[in-house]
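Shown next, in structure tokens, is the structure this report addresses.
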Amino acid sequence: MTLNYNGSGKVFYKQNEYSCDLYVNEEQGGILIKISINEPLSSILKLPLDMEFLSGELSTGYRFTLMNCSRKELKNFISAGKSVFSYSAKYMFKGIGGKDYQTIKFYKVIFELSDIIEWGNIAGYIVGENQELIYNANIEKVLYENEEFKIKYIVKRDSLPIVDMELLKETITLQQSGNIEISFVQEENIEEFEKILKKFRRLIEISALKIVTVKRVTGWSKDIKQKIGEREFERPLSIISYDFYNDNSREDAKKNSWRWVSLTELVDNNSFSEYIQKYEILEPIVELYLEILEARDMSTVSAFLNIVQALETYHARFKANEMNDFIIRIEEVILKNRPKSWIPDDKKFLMANSRGFITLESRLADLLLADFQIYFDTGDIEHYDFPKVIAKTRNYYTHYDEGIKESARVLTKEELMIYNNTLLYMLEYYLLLELGFSDEEVIRKKLNFRWGNASETLSLRKESKELFDENASDKVNR
């Protein structure tokens with residue numbers, strides 16, 4: 001990352017004043033400050049290794065405040081008679097600083113996110129009755145609220161031209177952006193806003209099927225005000241942080257052009273509340289899923305291993321982790337309403353060599369049955385053989401033990417291209433359930449549109465091969 005030199009000035013730490021040079025990359029959130037002390041061989045502990053808060057002012061009058069500073073290096077310049085301590089900072093607040101500032105808390109922070117207007121399904125403008133462009137009065141929607149904080153989706157927009165001169169241009173451009181506003185009842189450190197943003201951005205990425213990056217961060221504090229005439233106003237602060245902007249490089253990762261789940265659907269299904277309540281349990285599953293979505297060069301085998309691990313983790317966290325719990329689940333949930341004559345075979349299928357622990361095959365069998373609420377197509381693999389084939393394939397591509405191929409079917413890399421879609425169909429089905437979706441028909445339509453089914457794909461490939469092989473043979477015979 002390239003850092004730009006912003007200037008030199010002074011910085012304050014615990015009422016002491018030091019000379020400094022500031023380097024910043026605002027687009028990527030990189031922040032570096034070099035503090036000079038007039039000692040040719042300064043002690044390594046002349047300044048702390050970590051400083052929670054630094055406030056300063058450049059010679060240009062530009063003020064800044066840094067938080068969570070970590071020592072990068074110490075250089076002694078004997079001939080110049082000084083030592084330079086370099087620190088990287090996690091956060092920088094622009095336009096505020098000085099000897100008297102000790103900490104800054106916010107009651108509201110707005111995060112401008114990239115390319116989510118379509119997902120949000122709210123525009124900043126609407127077309128009026130006479131085909132004129134006018135402002136949309138409804139540009140906010142509450143996504144989640146509890147006793148501590150509230151989250152809103154807000155569309156920011158450019159102003160429409162208000163004088164004739166503004167219309168005398170070859171091109172008139174209007175821009176709008178989707179924003180997440182997080183507000184606390186009590187003022188909090190910026191880290192608390194960052195934690196919530198991370199959770200909600202992940203949910204947006206799941207539902208929008210695209211990488212979502214932060215473009216701009218602005219915070220409001222009750223202590224930061226400015227006077228205009230006789231009136232006093234709260235002054236918004238621009239916030240820079242590597243943690244906010246470091247994901248911007250992910251924009252080069254895979255993007256999908258279609259929309260899967262809109263903000264409106266998430267609100268209608270109470271998904272934000274469900275997601276927040278389950279976040280700690282869902283997090284590793286979501287991370288594994290998003291790795292596939294975001295990866296640019298992930299191989300078919302790596303994707304397969306990720307999906308299977310996500311399904312295995314989901315079952316352990318949401319269905320049964322211990323053997324005793326699994327046995328109870330089989331008897332009291334899965335097979336509760338099954339005809340008695342079918343129970344022995346179903347139970348054998350579900351247990352799948354599980355003895356002291358639950359095997360991957362058992363977990364996949366449970367997820368495949370889905371409490372008999374949905375049927376997952378398994379292509380040319382017999383339905384009740386599917387968990388075993390997937391488990392053996394996972395073992396093979398984990399250990400590359402050729403002996404596994406001698407005792408069971410192992411999917412080839414070409415076959416994984418088809419059956420990865422089947423496994424993703426299963427994984428997304430369970431993710432939608434956990435996000436509050438309950439209409440099986442709606443879920444089925446979404447998943448069929450996304451992934452189709454393996455049987456149709458295999459049938460189409462077979463027909464294509466037979467058709468073109470036949471045409472090739474005819475040409476040879478002629």
Side-chain angles (χ1 to χ4, degrees), residues 113-116 119 197-213 247 249-263 265-266 269 271-272 274-319 321 360 363-364 366-368 370 374 376 387 390-391 393-394 397-398 416-437 442-444 446-454:
L113 303 183
S114 64
D115 195 22
I116 62 168
W119 168 83
L197 172 69
K198 178 184 176 183
K199 295 177 183 179
F200 272 79
R201 185 166 66 173
R202 284 315 202 193
L203 178 55
I204 295 172
E205 290 178 334
I206 292 171
S207 58
L209 291 176
K210 65 174 65 179
I211 308 307
V212 175
T213 57
D247 282 345
S249 59
R250 300 187 307 150
E251 287 188 301
D252 295 330
K254 291 191 298 186
K255 288 187 178 182
N256 295 288
S257 58
W258 62 82
R259 206 172 69 190
W260 188 36
V261 180
S262 70
L263 181 148
E265 289 177 296
L266 292 177
N269 288 280
S271 298
F272 291 98
E274 294 284 345
Y275 178 74
I276 285 294
Q277 291 174 20
K278 301 171 183 175
Y279 179 78
E280 300 301 328
I281 306 176
L282 268 175
E283 185 179 16
I285 303 157
V286 169
E287 291 295 328
L288 288 165
Y289 173 69
L290 288 177
E291 280 181 18
I292 304 165
L293 175 66
E294 297 169 3
R296 283 173 284 184
D297 303 312
M298 180 175 283
S299 69
T300 304
V301 171
S302 296
F304 168 76
L305 295 175
N306 257 47
I307 303 165
V308 173
Q309 185 180 351
L311 286 166
E312 186 176 26
T313 305
Y314 173 82
H315 187 274
R317 292 191 159 221
F318 285 91
K319 301 300 181 182
N321 190 35
L360 171 61
R363 296 190 188 279
L364 291 172
D366 187 355
L367 295 177
L368 184 68
I374 188 173
F376 296 113
I390 298 301
T393 302
R394 200 277 291 269
Y397 285 112
T398 301
L416 288 181
M417 295 177 67
I418 297 172
Y419 288 104
N420 277 355
N421 289 353
T422 301
L423 294 169
L424 280 168
Y425 190 116
M426 293 174 61
L427 178 59
E428 290 182 0
Y429 169 77
Y430 287 106
L431 285 175
L432 287 174
L433 289 184
E434 298 306 331
L435 292 177
F437 285 72
V442 170
I443 295 174
R444 231 187 321 265
K446 285 184 176 295
L447 296 174
N448 286 338
F449 177 75
R450 282 268 284 147
W451 304 113
N453 66 63

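These values consider heavy atoms only, across backbone and side chains, with no hydrogens, waters or symmetry-generated copies.
Using a 4.5 Å cut-off on side-chain heavy atoms (C-beta onward), R450 and N421 make no contact. Between Y397 and S302, the closest side-chain pair of non-hydrogen atoms is not below 4.5 Å. Considering only heavy atoms from C-beta on, F304 comes within 4.5 Å of I390 through its side chain. The side-chain heavy atoms of Y289 and I307, taken from C-beta on, include no pair separated by under 4.5 Å. Residues L432 and V261 form a side-chain contact, since some pair of their non-hydrogen atoms from C-beta on lies under 4.5 Å apart.
Between N420 and T300 the shortest heavy-atom distance is ND2-O, 3.2 Å. Shown here for D366 and H315, the closest heavy-atom pair between the two residues is OD2-NE2, 2.7 Å. Between R394 and L360 the shortest heavy-atom distance is NH2-CD2, 3.3 Å. Summarising the geometry of L364 relative to M426, their closest heavy-atom pair is O-CE, 4.5 Å, with the distance given to 0.1 Å. In plain terms, the two heavy atoms of S271 and L203 that are nearest each other are O-CD2, 4.5 Å. Considering all non-hydrogen atoms of both residues, W260 and I206 come closest at CE3-O, 3.3 Å.
Residues satisfying the salt bridge (Lys or Arg N to Asp or Glu O under 4.0 Å) criterion with R317, sequence neighbours excluded, are absent altogether. Among residues two or more places apart in sequence or in another chain, the salt bridge (Lys or Arg N to Asp or Glu O under 4.0 Å) test is passed with E291 by none.
Taking CD from E312 and CD1 from I285, the interatomic distance works out to 11.0 Å, rounded to the nearest 0.5 Å. For the atom pair OH of Y429 and CG of L447, the computed distance is 9.0 Å after rounding to the nearest 0.5 Å. Summarising the geometry, atom CD1 belonging to I418 is positioned 12.5 Å from atom CG belonging to L423; distances are rounded to the nearest 0.5 Å.
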Checklist entry - So F437 and E265, side chain to side chain contact (heavy atoms under 4.5 Å, CB included) or not? Walk me through it. => result CA-CA 9 Å; F437 285 72; E265 289 177 296; 4.2 Å; yes
Checklist entry - Would Q309 and L305 satisfy side chain to side chain contact (heavy atoms under 4.5 Å, CB included), going step by step from the backbone distance to the final call? => result CA-CA 6 Å; Q309 185 180 351; L305 295 175; over 6 Å; no
Item to check | Derivation of the side chain to side chain contact (heavy atoms under 4.5 Å, CB included) call for L263 and I116 | outcome: CA-CA 10 Å; L263 181 148; I116 62 168; over 6 Å; no
Next on the checklist: Assess the residue pair W451 and T422 against the criterion (side chain to side chain contact (heavy atoms under 4.5 Å, CB included)); give the C-alpha distance rounded to whole Å, side-chain angles, the decisive distance to 0.1 Å, and a yes or no.
Outcome noted: CA-CA 7 Å; W451 304 113; T422 301; over 6 Å; no
Next on the checklist: Please determine whether salt bridge (charged side-chain N to carboxylate O under 4.0 Å, His left out) holds for the pair E428 and K446, giving the CA-CA distance in whole Å, both sets of side-chain angles, and the decisive distance to 0.1 Å.
Outcome noted: CA-CA 10 Å; E428 290 182 0; K446 285 184 176 295; over 6 Å; no
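Under the 30°/60° scheme for interplanar angles, the aromatic rings of Y430 and F376 are found to be tilted.
Between K199 and E283 there is no salt bridge, since no side-chain nitrogen of the basic residue lies less than 4.0 Å from a carboxylate oxygen of the acidic one. In this structure, R202 pairs ionically with E287, as a charged nitrogen and a carboxylate oxygen lie closer than 4.0 Å. Ion pairing between a basic and an acidic side chain is recognised when a charged N comes within 4.0 Å of a carboxylate O; K210 and E205 show no such pairing.
Between F200 and F272, the ring centre distance stays below 6.0 Å.
Of the residues I292, L288, N306, L311, the one that meets the side chain to side chain contact (heavy atoms under 4.5 Å, CB included) test with L427 is L311.
Side-chain contact of N448 with Y425: a donor-acceptor pair under 3.5 Å is present, judged by distance alone. Donor-acceptor pairing under 3.5 Å is lacking for the side chains of Y275 and E434. Between S207 and W119, the side chains place a donor N or O and an acceptor N or O closer than 3.5 Å (distance only, hydrogens not considered).
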